[in-house]
Structure formats: structure tokens, C-alpha cells
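In what follows, a structure is listed as C-alpha cells, so that the remarks can point back to it.
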Amino acid sequence: MTEPADALVFFGATGDLAYKKIFPSLQSMIRHGHLNMPVIGVAKAGWNLEQFKARAKASLQEHGGGVDRPAFEKLCSLLRYVDGDYLDPTTFTQLRTALDGTAHPLHYLAIPPSLFGKVAEGLAQSHCNQGARIVAEKPFGRDLKSARELNATLVHYFPEDAVFRIDHYLGKEAVQSLLYSRFANTIWEPIWNRNYIASVQITMAEDFGVQGRGKFYEEAGAIRDVLENHMLQLVACLAMEAPAGEGEPLRDERAKVLSMVRTLTPGDVVRGQFDGYRNEPGVAGQSTVETFAAVRLWIDSWRWAGVPFYLRTGKCLPTSCTEIVVEFKKPPQQVFGHGTGGRPNHVRFRLSPQVVLALGTRVKKIGETMTGIDVELIVQRRPKDEMEPYERLLLDAARGTSEFFAREDQVEQAWRIVDPILGHAVPVRPYSPGSWGPAEANKLIIGEGAWWNPRLEPDELEKEGVA
Ligand code: BG6
């Protein structure tokens, strides 16, 4: 189906995701001239349209960079509201009425996955699924089995090409720029393989805790919350083969490389929990849910055989930063008697908070001896007026463009990779807030290497008066 959507329906309209992400995206879409269709919120809150508009306003004040008067007025003219229980067929009858005159609604499920099936069924029974697309938020299930069941439910009521699974990492400008760099240049391809690359590291660090989401986090943990989805999508973008073109071939290649990632075993994993997590509201006193995870994974492909990929993520780490470091092999000989020393060459992609591309190389130190120092050639950009991931992805879904959405087979491959390490397969180790997680994580690194801890970038050094 290629027709653009002519109505946006979002379930969970009074919830957290709508408040933090969806209303701000709607305001930005209007500012960019991208939203001109009815926007129908559905929730069970006993609200009316005026209360719903007030919620939208509060969301923009808190999370949307403020209320832009003309954009907000336009948004209010587009907003509709249906109040009702997702288990009650009359909710969907009301929605059908609200959708009269539209042919291609886009239904966004900003609700817990346990309700996806019921809502999809309600949409089908009320014929609101006809000509429609459906957008589902991660997590897509809790493990391989439930992901399969969920996929089966969704595709029972909507064809696969009408199902859009959001992983907001794929909507990030920095992630798309990484993908672009890989395939818009000739310099990477000859060295982007096991002959030159020694290892790959991805760190997704957050310097805050669970921020009042203890109840949600108890059900998830770091592996389900971000490693299985956001981080494996980064692995896919970094390791995939060149696609035949834009669109579906991009999804084919991401799925293909994930299908070659070896299933994790407990020996590949370290789980950690920050001291104090158990005192968070909604968290069990004896919780063994991980707030930190580090894994070593292998891709059994011609390109990547024998190259370890190290992934690490956690809450309450020393900084908030997402960074990829691709480390190259050492030179084969030490030509200079005083030693080549230092670290091997690397490429570093920082995805947030800044977008950085850095090339780590060794240069000669001025002086009589042939000794050197490690330097980085850095290109840096602070995100400015770019589209936020949710805005970008909502727009793509409304246009029926699916290349930056997860496909059923990718989702199932990702769960297959982590399935054996979910739950209590590995003991959880304590770590101090503000540290880089449990010391055991260091043992995952094979050979001489170590984790690259993100350092200050030039703009930060300048701010601190160091540069
Ligand atoms: C979400 C997780 O999917 O991603 C959060 O549920 C996490 O726990 C967030 O903080 C990180 O996203 P971003 O875009 O801030 O890196």
C-alpha cells in the first residue's frame, strides 16, 4: 500500500509515551508542514476533548521545547478524542465514527504489548483495519516465544507490509548517518572485515537511574529494554552487507546479518545492578533484574568470523553517551626501534549526545627519536534543527515507508540471540552508581584490549577551559 495515511489514531493517548514523545513530535510535524490530518487520541481516562488538549499543551511545555502558538492552534484543530476501554467493542464503534470519511488510518499502539492483540482485534471487528497501517512500540514481546505470538496476532489482522514496528534508534539522525557513511564512501569497504578489524565495541551509557519507571523496569531489565533492540540494531547497521538499494533491501540486509549472530550463552554475559536500585519505587526488595549488561557476541559470517563484538549498556554509569569503536589490528611489524606502542588504529562513531566521527591514528612525536603518540582526527556536529526520531518515524509510517522499522524476521532473530541469557541464567553483580559497572565486565574482553570509556569531546573540553 503506498497511499499516505489520512488520519492518525493513537492508543494510550493519555499515557507516558504520548506525553513525552508523541505530542512534541506532532507539534514539530506541524511546524515542518508535515501534518494535515485528523489526530484521534484513544484512552480510558474519563476525559473529554478539552482535557485532552490541556494534556497536549502540558506535554509541549514540559517536553516539546514550549508551546508554539500557531502550531499548537493547528494541532488543536486536528485533535479528536475517543474515551473508552480497549476491551469494549463500543470504543471501536466510536472510533469508526470518528474515522468517517477517511480511507487510510494509521493506528499507533502507544500501549503495553499485552494489549496489542485486543486492540488489533477490536480494530478488525469494527473494520477500522481496512486500508490501515498499524505502528507497534517496542518491546515486541518478552522473549522469542512471546514475540512470535505477538507477530502472529498482528499479522492475523494486518498484512506484514502494514505493520510498522518502532525502534526509535533507527529513526535517529546519527544512526542513519552511520549507515550513510558506510555505503556512501569507498574507503571503508576494503578494511571493513576480519582481515583488518580486531574488535568492535558499542557502549550505550546513561548517567541516570530508572527515573520512576521501576515497575516497568522490573519487567524489562537492560537486556530486554535496550540490548535486544537498540543495540542489536546498531550491530546490524554496522555489520550488514551493502544493500541492493534503499527500502526493503536495507531491511533484508539487517535481518540477514542478525541471522548470522551466534546465540548468546551465559559465558558471554555479565549482568549488573546498581546499588540502590532495590529502593526505587516499584522495585522488589530482592530484585535480581539487571540495570547493566555487557555481552561478547560473534557473527558467523565470511566478513566477521573471529571478530568479537562487545556491547555494554547500563543505568547510573559515569556519563550519558552512545559510542561505537571499531578497533583495527596492529601493524604487522614494529619498524621503529623505540616501539610503535599505543593503541591500534580505530574509527569511533559517537551517536549521542554529539555526533562524532573520529579516526584514531599514531603520529610521530617531534624530536630526535622515532616515537609516537595517539591522536584522533575528529569531525563533530551538535544536533541542531533535525527531526527527532519519533517525528521522523511517524512521518515515514504515515507515508508507508518502512526501511527504518524492524521487520518480523529481524525481531525474532534478535530474541533468538538473547533468549538463553534472559532471566536468571547469569547471576547479577552489584556495582556502584557512577562506576562503569561490575569489574567482571572487563573479563569479557579477549586479549590485550580493554573497554573504551567515552572521553570528553573537543566542544566539552573547550567548555571546561581545557582546550
Ligand atoms: C528506551 C528505553 O527505549 O530508550 C530507555 O526504554 C532508554 O530505558 C532509552 O533510556 C534511551 O533512548 P535515547 O534515545 O535517549 O538514547
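We use all heavy atoms of the structure for the numbers below, so side chains are in, but hydrogens, waters and symmetry mates are not. Sequence positions, counted from 1, serve as the residue numbers for this chain. The structure presented is a predicted model; accordingly, all values stated were derived computationally and were not measured. When a ligand or atom number is given, it counts from 1 through the structure's own listing order.
Here Glu218 does not pair with Lys215 in a salt bridge; the nearest charged N to carboxylate O distance is not below 4.0 Å.
Pairs engaging residues 398-423 under the ring-ring contact (aromatic ring centres under 6.0 Å, His included) rule: Phe164-Phe405 [sequence neighbours left out].
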For a distance cut-off of 3.5 Å, show me each N or O of ligand 1 paired with any protein N or O, plus the separation.
{"residue": "ligand 1", "atom": "3 (O)", "partner": "Lys138", "partner atom": "NZ", "Å": "2.6"}
{"residue": "ligand 1", "atom": "3 (O)", "partner": "His230", "partner atom": "NE2", "Å": "2.7"}
{"residue": "ligand 1", "atom": "4 (O)", "partner": "His230", "partner atom": "NE2", "Å": "3.3"}
{"residue": "ligand 1", "atom": "6 (O)", "partner": "Lys138", "partner atom": "NZ", "Å": "3.3"}
{"residue": "ligand 1", "atom": "6 (O)", "partner": "Arg213", "partner atom": "NH2", "Å": "2.9"}
{"residue": "ligand 1", "atom": "6 (O)", "partner": "Asp225", "partner atom": "OD1", "Å": "2.6"}
{"residue": "ligand 1", "atom": "6 (O)", "partner": "Asp225", "partner atom": "OD2", "Å": "3.4"}
{"residue": "ligand 1", "atom": "8 (O)", "partner": "Arg213", "partner atom": "NH1", "Å": "3.0"}
{"residue": "ligand 1", "atom": "8 (O)", "partner": "Asp225", "partner atom": "OD2", "Å": "2.6"}
{"residue": "ligand 1", "atom": "8 (O)", "partner": "Lys315", "partner atom": "NZ", "Å": "2.8"}
{"residue": "ligand 1", "atom": "10 (O)", "partner": "Glu206", "partner atom": "OE1", "Å": "3.4"}
{"residue": "ligand 1", "atom": "10 (O)", "partner": "Glu206", "partner atom": "OE2", "Å": "2.5"}
{"residue": "ligand 1", "atom": "10 (O)", "partner": "Lys315", "partner atom": "NZ", "Å": "3.2"}
{"residue": "ligand 1", "atom": "12 (O)", "partner": "His168", "partner atom": "NE2", "Å": "3.2"}
{"residue": "ligand 1", "atom": "14 (O)", "partner": "His168", "partner atom": "NE2", "Å": "2.7"}
{"residue": "ligand 1", "atom": "14 (O)", "partner": "Lys172", "partner atom": "NZ", "Å": "2.6"}
{"residue": "ligand 1", "atom": "16 (O)", "partner": "Tyr169", "partner atom": "OH", "Å": "2.7"}

Please output the side-chain donor-acceptor pairs of residues 149-157 that fall under 3.5 Å, not counting sequence neighbours, one pair per line with the distance.
{"residue": "Glu149", "atom": "OE2", "partner": "Lys145", "partner atom": "NZ", "Å": "3.1"}
{"residue": "Asn151", "atom": "OD1", "partner": "Arg165", "partner atom": "NE", "Å": "3.0"}
{"residue": "Asn151", "atom": "OD1", "partner": "Arg165", "partner atom": "NH2", "Å": "3.0"}
{"residue": "Asn151", "atom": "ND2", "partner": "Ala147", "partner atom": "O", "Å": "3.3"}
{"residue": "Asn151", "atom": "ND2", "partner": "Glu412", "partner atom": "OE2", "Å": "3.1"}
{"residue": "Thr153", "atom": "OG1", "partner": "Glu149", "partner atom": "O", "Å": "2.8"}

For residues 110-121, tabulate all N or O donor-acceptor pairs below 3.5 Å that involve a side-chain atom, not counting sequence neighbours.
{"residue": "Lys118", "atom": "NZ", "partner": "Glu121", "partner atom": "OE1", "Å": "3.3"}
{"residue": "Glu121", "atom": "OE2", "partner": "Gln125", "partner atom": "NE2", "Å": "3.3"}

Derivation and outcome, ring-ring contact (aromatic ring centres under 6.0 Å, His included), residues Tyr277 and Phe292: CA-CA 11 Å; Tyr277 172 69; Phe292 171 97; over 10 Å; no
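Remark: His424 NE2 is loosely packed, at most 12 non-hydrogen atoms of other residues, nucleotides or ligands lying under 6.0 Å away.
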